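Take a look at the structure below.
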4 protein chains.
Amino acid sequence: MPKSTFFNLPQAKRERITELAIEEFSERPYHRASLTRLVARAGIAKGSVYQYFDDKLDLYRWLLTEEVPRRKLAHLRAEAEAAPPTSLRGFLRQAVLSGVRFMLANPRLSQLAAAVTMPTDDPELRALYAEVLAQGHAGFTTMLRGMVQAGQLRDDVDPELAARVIASVLGIGLRDIVLGQLGVDMLALLREPSMAERLDDAALERLVDGVLTILVDGLAPPP
Amino acid sequence: MPKSTFFNLPQAKRERITELAIEEFSERPYHRASLTRLVARAGIAKGSVYQYFDDKLDLYRWLLTEEVPRRKLAHLRAEAEAAPPTSLRGFLRQAVLSGVRFMLANPRLSQLAAAVTMPTDDPELRALYAEVLAQGHAGFTTMLRGMVQAGQLRDDVDPELAARVIASVLGIGLRDIVLGQLGVDMLALLREPSMAERLDDAALERLVDGVLTILVDGLAPPP
Amino acid sequence: MPKSTFFNLPQAKRERITELAIEEFSERPYHRASLTRLVARAGIAKGSVYQYFDDKLDLYRWLLTEEVPRRKLAHLRAEAEAAPPTSLRGFLRQAVLSGVRFMLANPRLSQLAAAVTMPTDDPELRALYAEVLAQGHAGFTTMLRGMVQAGQLRDDVDPELAARVIASVLGIGLRDIVLGQLGVDMLALLREPSMAERLDDAALERLVDGVLTILVDGLAPPP
Amino acid sequence: MPKSTFFNLPQAKRERITELAIEEFSERPYHRASLTRLVARAGIAKGSVYQYFDDKLDLYRWLLTEEVPRRKLAHLRAEAEAAPPTSLRGFLRQAVLSGVRFMLANPRLSQLAAAVTMPTDDPELRALYAEVLAQGHAGFTTMLRGMVQAGQLRDDVDPELAARVIASVLGIGLRDIVLGQLGVDMLALLREPSMAERLDDAALERLVDGVLTILVDGLAPPP
DNA sequence: CATGAATGAGGTTTCATTCAT
DNA sequence: CATGAATGAAACCTCATTCAT
């Protein structure tokens, strides 16, 4: 957790530092991200980072467990439809759409969140990643269990298994699909977010429906 | 590509170096992997690495584009059934089973291959990852296109999209699923491969069939 | 010297700061002691230290030249026997006993006082240490000169030399002896002062008499 | 222990580095000694130190446990008289004389050796100091035990206690006495070793005999 | 008299790569 | 083809001190 120092900062300064930190950590794996570069860009002294955070990991952890979820939630709330979906298709459609839109609107946060699936030898980092992953997985499983009880999910499917499959498709899968459609790699999108606009609404709908069909109805042709 | 000096090496030495390189690069992200540590374990001189390879990236590229595919192919061949599958279910079943078995038998290679989905700011590394990803994707797409023509795949599904969905499930998805079942993280499995045996054949069948059902028949209950 | 602000402080606050300063400076060499840690423990602002003292050295100097001697003197007074000793043996016995008891009762002060024998490259620190050392030496020499005149000390011994020998034995020597008997190192004693109780009165008497015999009668067997 | 790299160095270079390391570590407490300064003076790259030693502590440990004892032994051998002393007085005289001469001839080594009596909060450093101290103490005790058996030592004196008393006198005590006679502090002597010459042979004899008398015959006047 | 954010120098350590032998 | 010493940039982190409020 950041120290109180950080929260006492003038909002503008705090937000600039936050934004630059997100920039720094989203463009590189944790150990390549550099506080030296961060402070140089932020125009603050090196020691100041240690006034705000315990250390590099503390800053990173805050981004991952607080700032990213906070912004993701804000995005979800803003997008939430009047009536929450009740069908499996509706639920998944909202999840997929929301996932894609969030990624296109906030590639950096999306990238940060994706980093937790990366393997690493650093024990502390691994613990952090495991914690974040477990949280996300638990949420998915709970939702799917509800679907099963409502008869929305075929009963020969293990909800936990389904959760992992969906999670991988919505996570890495969607990222690759969207980037493939855009014809750029992630870093290019991070540095030029306006590229997201290349994907118009029609294309996005086609994409989402395609993924939806696969997840809901399967790959096999209808009998 | 390795220099000729590397291939002129006594086979035993070359293989030991290869094995240790796989160990080093599979346990950490590229920039955390250390040639210093590699040569220390291999008992060779630091300069020798530069006799065999242009630089660190050259060694890594060789592992990723030559050594890993070579071993993967060998694994596939060894597992290939007499009659290649003709149905979608059969084809996917073989792909999923093969994927899981390969991962359990060769966690290090599996891990190496998974690294290409990691984002990085290093331009050369990015180019390498993009190349490897494209190759894998092309293979999948080709196979699926054949399935479409054979009427095995529902015709309202874009083969390229399906390829990405399947790839993500077979890649990150399966890894997480298996690790979840084993109750360990990747590094633990790398360092203690015998943990794979905890997953007996019955459990593995259940797991594969579960994933298969989702992919082939979808998540929705049959009408 | 502390500024007037320090002495204007509520007694409780001043004493808490003093106690924590003694703790901080007794556990580490001067340059490893950290004002940052001190204020964190004391729950005061960093700047406050500079309201009370000129700088780090000023605080340290005050401890060494004022606070430690003040407490040492208080200890001596409390222990002083009705009749001050007149014989060499009596005088030394009181000195040795007092030294040991003070150390066991106040390991932190004892440790602080011992630090002045440490070499350092810091010129200001060196000056401080030299001053403290000279004071102590002067006191000893004066007392021994008196003994010589009273015929208590053998006349072929230079009082100044004897002062230094006694000082080293009562300083570093006793510390090592006591710690050796306790079977702990200094830091352990600082952090767990109750360890001092392991040395019961009988053992302490034996120890003191042993040292006394050596100093008074020498190491050689009586003729 | 230094790496083989260090011992493979050209002798001149190795000795220059050794000398500068002794200089650096003798003038300041361990944590103030700076590898940055050392390499700057030695004219070598920062990384080179880590080719020769594991880390800062490894270098320091080598100085303390290998290089200093080696040179001390060489000094002792060079000074050893034809006939080893058999009486307590003879034994102590040689010890005292040797101690003083070594200190005057090698103030830096003497200072290094004295550092082990300094308290520190660094756990690794404490372990190192404890080890060195224990070695020295064991040697002294053994010698004194022999004296007891030969009837050279009064039998009402605990050899272990006597060892500590003598050690403190020969250690810190002698250092202070000599420095007091020279009228300089340790750092001054380190930086201008020729100051040692101010103490001519006669003065040195007087000093040694004074300390000897105190230790052997005690402070009390003969009956 | 209190506060605590800002500073920036300085510390140790790791690393890929070069090059002379 | 092997060797391994040398290099120096870059990393994270700690600290005493200042100063505006």
Side-chain angles (χ1 to χ4, degrees), chain A residues 3-6 8-10 13 31-40 43-59, chain B residues 3-6 8-10 13 31-40 43-59, chain C residues 3-6 8-10 13 30-40 43-59, chain D residues 3-6 8-10 13 31-39 43-59:
Chain A
K3 305 180 182 177
S4 61
T5 323
F6 183 61
N8 292 342
L9 241 38
K13 185 172 187 178
H31 278 104
R32 290 269 289 173
S34 153
L35 295 188
T36 303
R37 186 165 31 206
L38 172 59
V39 298
I44 61 176
K46 229 179 218 172
S48 293
V49 175
Y50 293 85
Q51 298 273 13
Y52 309 146
F53 300 91
D54 286 335
D55 50 22
K56 186 183 177 182
L57 186 61
D58 189 39
L59 163 52
Chain B
K3 305 179 181 176
S4 62
T5 47
F6 183 59
N8 291 342
L9 242 37
K13 185 171 186 180
H31 277 104
R32 292 265 290 171
S34 151
L35 294 188
T36 304
R37 188 165 32 206
L38 172 59
V39 298
I44 61 175
K46 205 103 159 262
S48 293
V49 175
Y50 291 84
Q51 301 271 12
Y52 310 146
F53 300 92
D54 287 336
D55 51 21
K56 188 183 177 183
L57 185 62
D58 190 37
L59 162 53
Chain C
K3 305 179 182 177
S4 62
T5 48
F6 184 59
N8 291 341
L9 242 38
K13 184 171 186 179
Y30 175 75
H31 277 105
R32 291 266 289 171
S34 150
L35 294 188
T36 304
R37 188 165 31 208
L38 171 59
V39 297
I44 60 175
K46 205 102 160 262
S48 294
V49 175
Y50 291 84
Q51 301 271 12
Y52 310 146
F53 301 92
D54 287 337
D55 50 23
K56 187 183 178 183
L57 186 62
D58 190 38
L59 162 53
Chain D
K3 304 180 183 177
S4 60
T5 323
F6 184 60
N8 292 342
L9 241 39
K13 184 170 186 178
H31 278 105
R32 290 268 291 172
S34 151
L35 296 187
T36 302
R37 186 164 32 206
L38 171 60
V39 298
I44 61 176
K46 231 178 215 173
S48 292
V49 175
Y50 292 85
Q51 298 274 9
Y52 309 146
F53 301 90
D54 285 336
D55 50 23
K56 186 183 176 183
L57 186 61
D58 189 39
L59 162 52

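Bear in mind that the values here come from a model prediction, so they are computed numbers and not experimental data.
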Point to revise | Closest heavy-atom pair and its distance - Tyr50(A), Leu35(A) | key: OH-CD1, 3.5 Å
Review point. What nucleotide, of dT7(F), dC1(F), dA5(F), holds the atom closest to the side chain of Thr5(D)?
Key: dA5(F)
Review point. Near DNA chain E, under 4.0 Å by heavy atom, which residues of residues 49-57 of chain C?
Key: Gln51(C), Tyr52(C)
Practice item. Indicate whether OP1 or OP2 belonging to dC1(F) is found under 4.0 Å from a side-chain N or O atom of Asn8(B). Key: yes
Review point. dA9(F) pairs with which nucleotide, Watson-Crick or G-U wobble, both distances below 3.5 Å?
Key: dT14(E)
Review point. So what does Lys3(A) touch, heavy atoms closer than 4.0 Å: a base, only the sugar-phosphate, or nothing?
Key: nothing
Which pairs, protein N/O on one side and nucleotides 8-10 of chain F N/O on the other, fall under 3.5 Å?
none

Check your understanding: 5'-most contact on DNA chain E: His31(D) or Phe6(C), nearest heavy atom basis?
Key -> Phe6(C)
Check your understanding: Which sits closer to the 5' end of DNA chain E, Ala33(B) or Gly43(A), going by the nucleotide each is nearest to?
Key -> Gly43(A)
Study note, to complete from the structure: The Watson-Crick or G-U wobble partner of dC1(F), with both key distances under 3.5 Å, is none
Check your understanding: So, for Thr5(D) and Gln51(D), which heavy atoms are closest and what is the spacing to 0.1 Å?
Key -> OG1-O, 3.0 Å
Point to revise | Under-4.0 Å side-chain N/O to phosphate OP1/OP2 contact, Lys13(A) with dA5(E) | key: no
Check your understanding: Taking all atoms of both residues into account, what is the closest heavy-atom pair of Arg32(B) and Arg37(B), and its distance?
Key -> O-NH2, 3.3 Å
Practice item. Would you mind telling me which of Asp54(D), Asn8(D), Asp58(D) makes a side chain to side chain contact (heavy atoms under 4.5 Å, CB included) with Lys3(D)? Key: Asp54(D)
Check your understanding: Paired with dG8(E): which nucleotide, if any, by Watson-Crick or G-U wobble criteria at under 3.5 Å for both distances?
Key -> dC15(F)
Point to revise | With sequence neighbours excluded, residues passing ring-ring contact (aromatic ring centres under 6.0 Å, His included) with Phe6(B) | key: Tyr52(B), Phe53(B), Trp62(B)
